[in-house]
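Chain letters run A, B, ... following the sequence lines, proteins first and then strands; every chain starts at 1.
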Amino acid sequence: MAKPLRFRRYGRRLGITLLFAVAITGLWQYQERQYRDDYTWMGVPGWDELTPTSVHRVLRNDGYLVGWSDVRIGALWVSYQVHAVRDRRIGSRPGFTRDWRTLWPIAPDSYFGSGYDRGHLAPNYAIAAVHGRDAQVDTFRMSNMLPQKPALNRQLWQRLEEAIMDHFAPRFTRLQIVTGPVYPPSFMENVFNRVGLVEVPAAFYKIIVAPDAADPKALAFIMPQNVKGNEPLDDYLVSIDEIEARTGLDFFPDLPVDMEDRLEGQTRTEGWALDAVANKPGRFQ
DNA sequence: TTTACTGT
């Protein structure tokens, strides 16, 4: 007699729990889709082949998404959008913070004494100017940092980020940016090349897309760690296909096939006026 | 000030 009653009660509790789970999952997925639409174009980056070094999970932030790898112990990509802004003032630089979602202990002081900078993937200035203070604070999470040589971080890379906001963004309604690391071909040969737990990339890529142009345009760069900093930006132009080959990632997976070749298979610079900024000196010399 | 960071 007691048994069926207990079972009924248990069943009701299970039903309520399930209902909650469905509701919360639905809400979460709705929010997830919202984020993906706001921060990506033609789909979230994925992987071509299921290998340990290409698997990642998505961390959502205010203003940008991170594809986080628990094998590299670092981001494989960040995705965000920018547009030209009239008010160029931003808040002061917030402090670096731990990101508990990574589970790996990566502290703000983990890079101290390594000779590497804590290089932003989603940049402080652009995210702050376009998406506001909360988003700016999120860019200082350690999950958004990778070890970057000072000459690259403070000069060549900084010049590219400045060109995006000052020169490219005003030419189009909005830009979709995807940026991240390029690792050496052999995982085992680089496996102990780490700052703390974070694997040191050999180079960094940045993809810039103007999606709303009548004929969508893309620019892509790969910049190695060892640069002087004053090189012309266009020395590092590549196709998106080359970045896909060197990272194992698949960018803009929802692109129609005919557009894919034009956008990803070639390096086309017309419409960007790259010459006007390629040799512009950096702010920090 | 308005674009990086550094055992500040």
Side-chain angles (χ1 to χ4, degrees), chain A residues 61-64 74-75 78 80-99 105-172 174-181 194-198 200-201 203-206 208 219 221 223-231 233 236 272 274 276-285:
Chain A
N61 296 290
D62 216 337
Y64 71 103
V78 302
Y80 59 96
Q81 296 189 4
V82 298
H83 50 76
V85 292
R86 278 173 55 232
D87 185 357
R88 302 167 76 85
R89 286 171 305 177
I90 62 164
S92 60
R93 284 171 72 89
F96 292 88
T97 54
R98 252 188 93 158
D99 188 342
I106 304 162
D109 63 1
S110 293
Y111 287 39
F112 285 175
S114 68
Y116 286 93
D117 279 2
R118 296 171 288 190
H120 280 69
L121 292 176
N124 168 39
Y125 175 75
I127 295 286
V130 175
H131 298 280
R133 179 66 182 179
D134 289 347
Q136 178 183 21
V137 169
D138 279 359
T139 67
F140 280 77
R141 290 179 161 169
M142 291 306 291
S143 53
N144 185 42
M145 307 299 152
L146 282 177
Q148 220 170 25
K149 285 279 176 67
L152 175 63
N153 184 37
R154 304 174 194 187
Q155 296 194 52
L156 190 65
W157 195 258
Q158 184 279 326
R159 287 167 52 215
L160 179 57
E161 288 177 346
E162 186 167 319
I164 288 171
M165 282 305 280
D166 290 356
H167 183 71
F168 299 141
R171 305 177 72 86
F172 303 98
R174 65 171 171 147
L175 298 175
Q176 168 68 52
I177 318 280
V178 184
T179 195
R194 289 174 189 263
V195 170
L197 295 168
V198 182
V200 179
F204 294 84
Y205 67 85
K206 195 178 275 289
I208 308 163
L219 274 189
F221 299 86
M223 295 179 168
Q225 289 275 19
N226 290 308
V227 293
K228 285 181 296 169
N230 59 359
E231 295 89 344
L233 296 179
Y236 301 97
W272 295 95
L274 187 51
V277 280
N279 291 290
K280 196 163 181 284
R283 308 172 76 79
F284 314 105
Q285 305 270 0

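- The list of ring pair (Phe, Tyr, Trp, His ring centres under 6.0 Å) pairs with a residue in residues 132-165 of chain A, not counting sequence neighbours, reads A/Phe96-A/Phe140, A/His120-A/Phe140, A/Trp157-A/Phe204.
- In this model, no donor atom of one side chain and acceptor atom of the other lie less than 3.5 Å apart for A/Gln158 and A/Asn153.
- Comparing the same atom, C1', in B/dT3 and in B/dG7 gives a spacing of 25 Å after rounding to whole Å.
- Under a 4.0 Å N-O distance rule, the pair A/Asp117/A/Arg154 qualifies as a salt bridge.
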- Task: Scan nucleotides 3-8 of chain B nucleotide by nucleotide, 5' to 3', and note B when protein non-hydrogen atoms come under 4.0 Å of the base, S if they reach only the sugar-phosphate, - if neither.
- Result: BBBSB-
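- A/Gln225 contributes a side-chain N or O that, together with a main-chain N or O of A/Pro147, makes up a donor-acceptor pair within less than 3.5 Å.
- A/Arg88 is linked by a salt bridge (Lys or Arg N to Asp or Glu O under 4.0 Å) to A/Asp166, counting only residues two or more places apart in sequence or in another chain.
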